[in-house]
There are 2 protein chains.
Amino acid sequence: MAKNTDPHSTSSQTDQWKKNKPMRVVVLGGGFGGLNFCLDFQHEDCEIVMVDRQNHHLFQPLLYQVATAGLSAPDIAQPLRSILSKRKDVRVIMGEVDKIDLDGKSVQVDGRALDYDFLVMALGARTSFFGKEEWREHCLGLKSLADSRRIRSVVITSLEHAENENDPEERKRLMTMIVVGGGPTGVEMAGALAELTRRVMKSDFRNLDPTECQILLVEALPRLLRMYSEDQSEYAAEKLRGMGVTVKTESPVSDVGEGWMDIADERHHAATMIWAAGVESVPVIRSLDVPMDKAGRIEVEPDLSVPDHPEVFAIGDIASIMNEDGTPVPGIAPAAMQMGKHVARIIDSDCDAGGVRSAGERAKFSYFDKGQMATIGRSAAVAESMGFRFNGLLAWFGWLVIHLAFLVGMRNRLSVFISWLWAYISFKNGARVIATDEKGESINEG
Amino acid sequence: MAKNTDPHSTSSQTDQWKKNKPMRVVVLGGGFGGLNFCLDFQHEDCEIVMVDRQNHHLFQPLLYQVATAGLSAPDIAQPLRSILSKRKDVRVIMGEVDKIDLDGKSVQVDGRALDYDFLVMALGARTSFFGKEEWREHCLGLKSLADSRRIRSVVITSLEHAENENDPEERKRLMTMIVVGGGPTGVEMAGALAELTRRVMKSDFRNLDPTECQILLVEALPRLLRMYSEDQSEYAAEKLRGMGVTVKTESPVSDVGEGWMDIADERHHAATMIWAAGVESVPVIRSLDVPMDKAGRIEVEPDLSVPDHPEVFAIGDIASIMNEDGTPVPGIAPAAMQMGKHVARIIDSDCDAGGVRSAGERAKFSYFDKGQMATIGRSAAVAESMGFRFNGLLAWFGWLVIHLAFLVGMRNRLSVFISWLWAYISFKNGARVIATDEKGESINEG
């Protein structure tokens, strides 16, 4: 049976290189970093094991469109098995990583030991509440398909209930949506919610007017999109206001409860509260005894290896590393993809060199910043690349093209393209569907 | 506020006709029957209230393809609000029907009274276990999007676990799928499971060979598709066997437990057990004090009204009515649609006539049988229409065209067409995605 299922199996590198037994490279996480590593790395001495708790690679940049019923879940996800089905040297295991034993060179997946010679940790981030863990249960995050479906379900169900509600206070609560975090995710989410309520569902109801929905975008800092130039921030804020979004900057969240949120010491009641204010490493990473920052990102060596563990790498959102100019490498898809490719080259060289080299002997990672872009709404987006700044229709169109290009799988590209084209022409979203279970509870949806 | 929310509001028809207050027609259920009634019925004296526990009209004939990851849930569902958004005389309420008070001319929706002048009951059927209610928890039904997602999730998760399982017995159980019921749903489901495992997922795994999955199609009667001619049944059985399905006729299910099923006194262990053996009326209908058959179908008058309640109609799967030739009108979409249109005409005439007429004064419903068809697999289907019988590629192509034509919404037609075309060319299904929740439990999917 598969070696990984034998807890007693051991692997001493020297042995292996002598006996020419295959080296095992274990990859934790099938996101942009982990998947791109797998696609780039292939070595006759190595077998690869990819572990993910989901059965699919998720295209996170479009998650907010599943949440706002613009796309179906399968449009932005692709089974890892089918992406890697031609790679006979790669095994995919769907399972939860319980424990990582750096000294024992072994990870525990659903209670089973899986030994490694090289480990690539690409487990990504989860929503961070900056220590206020008690807020988590009251807010909706946006990191997984389950999250996006939950948001869709809450938004649509709240409006359905508002349609039948007499009490004006409760109606107002049901029709209020708060998005916390003025970064790209928050801006895109707020814009998409505005379009959903103001345009898509405009004529669907009889007792309520969806255009009366109150959508708040809340940011603690003085401006939205702080990683963009000021004029871009201003453009985004104006666009959003024009779409009916209430933009509140310099408005920190002071407290959160069931159905309410204190923003700048003013209490707001809302049925939909989405938290897009920050991320942190998943607990299994935070529990490691390695140098990390407040958000639990591992402070990696210049080659992306973990200090004192040259056979272990941390890439993507769980890696903390600086650019030449002292700015941090951002936690975005392109950075994770570049890290995956970089580690692929390093392990390949190590194998050719016949052993694990020290961090110092290896090539340093340097992030090539292709730029950044965020969409706000129909024909409106901001983009900055190679010193160029543009917004409006051109930026929006560029956003569409680039996101289509990076989607995994032709079928998904086709499906997403048609959904977008249809929505653009018809002003309707295609996936405004929530399934209610036999028992009546609604299901996080797709 | 809306009249329906006032429990004390009463409605005496004579009053209303005198005062010309609008008559209220309440429609329970947005399936084929209820939706087609709404689309056909419009009268200046009437307001219509459509009540459904889901927010969407579901195209049930394609549900098995969502279950087997061929289609996304939103492809076969359309929000009732958007279908009816142009009809200002129609209000849609998303809610559960708790109680129907025929004498008080009122229904209770999520605890609120909703009075009616005319009532159209089109609540459809649920999976029936023929009195063995204790089997329900162990089997997967196929009546809602939630059901279809649950099946997809169980099938894919079972294979994922089998990939990592050492114990041969448990591996066999995880790779065994039982479909109970040799009707069109069972045949289509078994065929789709065979294609999913034998073709779509063929090269996805490393430790297991999905073509070794055991798929059982179980029928208590001597042949499949008993409502078709014998040669068609034989064609279907042979095709399924050719696809690797074990067809067991004359094999009644004697007992069911968690993960096992006794079929013809032989115990089979299976991770996936799908029940497509029969349907019955939903409990709220069964609780009514009106004449009904064993399955809880109301024995309606020739005009589809409920005995002694000429202002109340039962259509679709909850109506029991015979054809001229003494055969029962089948519980299929075309019959439900025809019933909806028929009741639309009757209520329209009643309104013109200025009052509720007796059943005898009204036109009798007669079912026009356009024929029936079931798909078995790639390029294989059976069809019977107007005395013609055909199968194979022609029947399969006819099935595709007709199902596309009856899908609600151009966008869904386009999306389904592309999914089918893609699957046909690439031999791959597009929606092999299941979302696992933060807490780890997998979510019924789509």
Would you say the side chain of [Y] lies within less than 4.5 Å of the side chain of [X], judging by non-hydrogen atoms?
| X | Y | value |
| --- | --- | --- |
| B:Val92 | A:Arg206 | no |
| B:Trp422 | A:Met410 | yes |
| B:Arg91 | A:Asn164 | yes |

- Item | Region of B:Met201 that comes under 4.5 Å of a non-hydrogen atom in chain A | neither
- Message: At a 4.5 Å cut-off on heavy atoms, which part of B:Leu414 comes close to chain A: side chain, backbone, both, or neither?
- Response: side chain
- Query: Regarding A:Ser203 and B:Arg81, is there a side-chain donor-to-acceptor distance under 3.5 Å anywhere?
  - Reply: no
- Options A:Val90, A:Asp110, A:Val109, A:Leu58, ranked by heavy-atom pairs under 4.5 Å with chain B, top entry: A:Val90
- Message: Just checking A:Lys88: does its NZ atom have more than 12 heavy atoms from other residues, nucleotides or ligands closer to it than 6.0 angstrom?
- Response: yes
- Query: Does atom CD of B:Glu133 have more than 12 heavy-atom neighbours, drawn from other residues, nucleotides or ligands, at distances under 6.0 Å?
  - Reply: yes
- Kindly write out the residues that satisfy side chain to side chain donor-acceptor pair (under 3.5 Å) with B:Ser281, not counting sequence neighbours, or none if the list is empty. none
- Message: Which heavy atom of B:Asn55 sits nearest to which heavy atom of A:Glu160, and what is that distance?
- Response: CB-OE2, 4.2 Å
- Task: Compare every heavy atom of A:Ser85 with every heavy atom of B:Asp204, then report the nearest pair and how far apart it is.
- Result: OD1-CB, 3.5 Å
